[in-house]
Novice: 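Okay, handing you the structure first.
Please read all numbers here as calculations on a predicted model, not as lab measurements.
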Amino acid sequence: MESEMEPPCGRSYMQVLCEKYSPENFPYRRGPGAGVHVPPGPQVSPMKDRLNLPSILVLNSCGISHAGDESEIAAFCSHVSELDLSGNKLGDWQEVSKIVSNVPQLQFLNLSSNPLHASVLERECAATFSGIRKLVLNNCKVSWETVHTLLLELPDRVPLYTPHEYPALSLGISSWDDIEKLNTLPTLEEVRLLGIPLVEPYSTEERRKLTIARLPSVSKLNGSVVTEGEREDSERFFVRYYMNVPKEEVPLRYQELVRKYGKLEPLAEVDLRPQNQASVDLHYEEKVQKISVRLDQTVAEFKKQLKAVVQLPTSNMRLYYLDHETPFGLEEMKFSTRALHSYNVRDGVKFFVEPKMK
């Protein structure tokens, strides 16, 4: 003899609904939602003599694990437009579907922090979400297959929302392949990739360009618009970045961009750092000596360097500078605290030292 089916563990949606919105608890209950007035009209449940339900229901963190009596859900919730079920114990898409299918006016559904990651969402079950305009799945850790199935059923251009209300996804991203899977989401236009360990080893410029190049349909990344010019720069950067990487590590996107731009030449490396030393000619007593000069030192420090060479005390030394590329001729270096680089000193210029006249 077959044993009877055991009732689901946990609390049902209807059980919690009846407890929270019973005449004894609502609208005079304390805490969130206290004092809510529900005026008569078409938005009120037809069962208002038993339950006093507003059109926005908040049932978060109530231990809900299953739907309960579907006929009662249909009777009580026919007018409900927004439903917050975040932080519950819903771990089966079938149970979520039983609730949603009996709330025909539902526009907004928050399922954040429910353990739905292990449940498989069948296409026929996902069809019950077709009327929803905003769906929040933050911290549900649902699979890519689940997201894809949902997007096939959601109305065109309806996003899945994070708590900050951006059309982005809170999914486990641990590789560049995971980021490229975002291309399978037909309506995704904006992505926020914040606090992801994957991109931490890269510079700010590298992580942005490598991400933009992988996501050709995304028009906004981390809150900033992706212009056509930035996209082209990023895609060219991507080609050069992977051109010398071992073949087995080259992403598929590389070949697509090589077909678009061809094989690009590496960018020439230009050192734009200021010169910090120069080789100059020192003239004194009809002698010429080539010396190396540190350009970050002051005129006073330079004179100390020359003291041993020209055998003159710094107090008895007059120092001149000659740059043949300027029309000014000899310039006496009178300001002891001025740095040499401010004179535009470079390789090949000439310094002249004379003793002061007594």
Novice: Does a sphere of radius 6.0 Å around NZ in Lys290 hold more than 12 heavy atoms from other residues, nucleotides or ligands, not counting ones at 6.0 Å or beyond?
Specialist: yes
Novice: What do the steps show when you test Phe335 against Ser342 for side chain to side chain contact (heavy atoms under 4.5 Å, CB included), and what is the final call?
Specialist: CA-CA 11 Å; Phe335 305 103; Ser342 67; over 6 Å; no
Novice: Using every non-hydrogen atom in the two residues, find where Leu264 and Met243 come nearest and quote the distance to one decimal.
Specialist: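 Between these two residues, the closest heavy atoms are O-CE, 2.8 Å.
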Novice: I would like to know whether Ser224 and Asn222 meet side-chain hydrogen bond (donor to acceptor under 3.5 Å, both in side chains); could you show each step before the answer?
Specialist: CA-CA 6 Å; Ser224 298; Asn222 292 340; over 6 Å; no
Novice: Say you draw a straight line from NZ of Lys209 to OH of Tyr241; how long is it, rounded to the nearest 0.5 Å?
Specialist: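 Spacing of NZ (Lys209) from OH (Tyr241) equals 12.5 Å.
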Novice: Report the C-alpha separation of Glu301 and Lys304 in whole Å, then their side-chain angles, then the decisive distance to 0.1 Å, and conclude whether the salt bridge (Lys or Arg N to Asp or Glu O under 4.0 Å) test is met.
Specialist: CA-CA 5 Å; Glu301 291 170 332; Lys304 288 181 181 178; over 6 Å; no
Novice: Compute the ring centroids of Tyr202 and Trp176, then answer whether they are less than 6.0 Å apart.
Specialist: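 Ring-ring flag for Tyr202/Trp176: true, centres closer than 6.0 Å.
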Novice: Check the hydrophobic clustering (I, L, V, M, F, W, Y; side-chain heavy atoms under 4.5 Å; chains of links allowed) and say if Val245 and Val199 are grouped together.
Specialist: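 Yes, Val245 and Val199 fall within the same hydrophobic cluster.
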Novice: Work out which heavy atom in Pro54 is nearest to a heavy atom in Val80; give both atom names and the distance.
Specialist: O-CG2, 4.0 Å
Novice: Applying the 4.5 Å side-chain criterion to the ILVMFWY set and letting contacts propagate, would Leu198 and Ile212 be lumped into a single cluster?
Specialist: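 Looking at the clustering, Ile212 is in the same group as Leu198.
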Novice: Roughly how far, to the nearest 0.5 Å, is OG of Ser65 from CD of Glu95?
Specialist: 7.5 Å
Novice: Of all the heavy-atom pairs spanning Met317 and Val353, show the shortest one and how long it is.
Specialist: CG-CG1, 3.5 Å
Novice: Apply side chain to side chain contact (heavy atoms under 4.5 Å, CB included) to Leu85 and Ile99, showing your working.
Specialist: CA-CA 11 Å; Leu85 293 174; Ile99 298 171; 4.2 Å; yes
Novice: CZ of Phe302 to CD1 of Ile291: how many Å apart, nearest 0.5 Å?
Specialist: 4.5 Å
Novice: Within a 6.0 Å radius of atom CD on Glu265, are there more than 12 heavy atoms belonging to other residues, nucleotides or ligands?
Specialist: no
Novice: Specify the closest pair of heavy atoms between Leu306 and Leu319, including all atoms of both residues, with the distance to one decimal.
Specialist: CD1-CD1, 3.8 Å
Novice: With heavy-atom distances below 4.5 Å as the criterion, would you say the side chains of Met333 and Arg338 are in contact?
Specialist: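 With C-beta onward as the side chain, the pair stays apart.
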Novice: Would you say Leu252 has more than 12 foreign heavy atoms packed within less than 6.0 Å of its CG?
Specialist: no
Novice: Is Tyr320 reachable from Phe351 through a run of I, L, V, M, F, W or Y residues, each pair having side-chain heavy atoms under 4.5 Å apart?
Specialist: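 As far as the 4.5 Å side-chain criterion goes, Tyr320 and Phe351 are not connected within one cluster.
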Novice: Do Val239 and Val258 have side-chain heavy atoms sitting under 4.5 Å apart?
Specialist: yes
Novice: Just wondering, more than 12 heavy atoms not from Glu248 lying within 6.0 Å of its CD?
Specialist: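 Yes, enclosed.
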Novice: Is there a path from Val250 to Tyr261 through hydrophobic residues (I, L, V, M, F, W, Y) whose side chains come within less than 4.5 Å of each other?
Specialist: yes
Novice: Drop me the distance from Trp93's CH2 to Leu116's CG, to the nearest 0.5 angstrom.
Specialist: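 Answer rounded to 0.5 Å: 5.0 Å.
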Novice: Hey, could you give me the CZ/NE2 distance between Arg294 and His341, rounded to the nearest 0.5 Å?
Specialist: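 These two atoms lie 11.0 Å from each other.
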Novice: For Glu124, does the CD atom have more than 12 heavy-atom neighbours from other residues, nucleotides or ligands under 6.0 Å away?
Specialist: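 Count not over threshold, so no.
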Novice: Is the shortest heavy-atom distance from the side chain of Lys98 to the side chain of Ile73 under 4.5 Å?
Specialist: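 Lys98 vs Ile73: side chains apart.
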Novice: Same cluster or not: are Phe352 and Leu312 linked, directly or through other Ile, Leu, Val, Met, Phe, Trp or Tyr residues, by side-chain heavy atoms under 4.5 angstrom apart?
Specialist: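 No, Phe352 does not connect to Leu312 through the hydrophobic network.
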Novice: Can you tell whether the side chains of Glu256 and Arg259 come within less than 4.0 Å, N to carboxylate O?
Specialist: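 No, this pair does not count.
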Novice: Identify the two heavy atoms, one from Asn102 and one from Glu70, that lie closest to each other, and give their separation to 0.1 Å.
Specialist: ND2-OE1, 3.1 Å
Novice: Step by step, work out the side chain to side chain contact (heavy atoms under 4.5 Å, CB included) result for Tyr343 and Glu331.
Specialist: CA-CA 10 Å; Tyr343 288 91; Glu331 178 183 357; 3.6 Å; yes
Novice: Nearest 0.5 Å, what's the OG1-CD distance between Thr204 and Glu206?
Specialist: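 One gets 9.5 Å once the value is rounded to the nearest 0.5 Å.
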Novice: Can you tell whether the side chains of Glu180 and Arg253 come within less than 4.0 Å, N to carboxylate O?
Specialist: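 No salt bridge links Glu180 with Arg253.
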Novice: In sequence, state the C-alpha distance, the side-chain angles, and the governing distance for Tyr284 and Gln311, and then conclude on side chain to side chain contact (heavy atoms under 4.5 Å, CB included).
Specialist: CA-CA 10 Å; Tyr284 66 101; Gln311 298 297 312; over 6 Å; no
Novice: Quick one: does NZ or CZ of Arg214 land under 6.0 Å from the six-membered ring centre of Phe238, within 45 degrees of the ring axis?
Specialist: no
Novice: I need the minimum non-hydrogen distance between Leu59 and Leu17, along with the two atoms involved.
Specialist: CD1-CD1, 3.9 Å
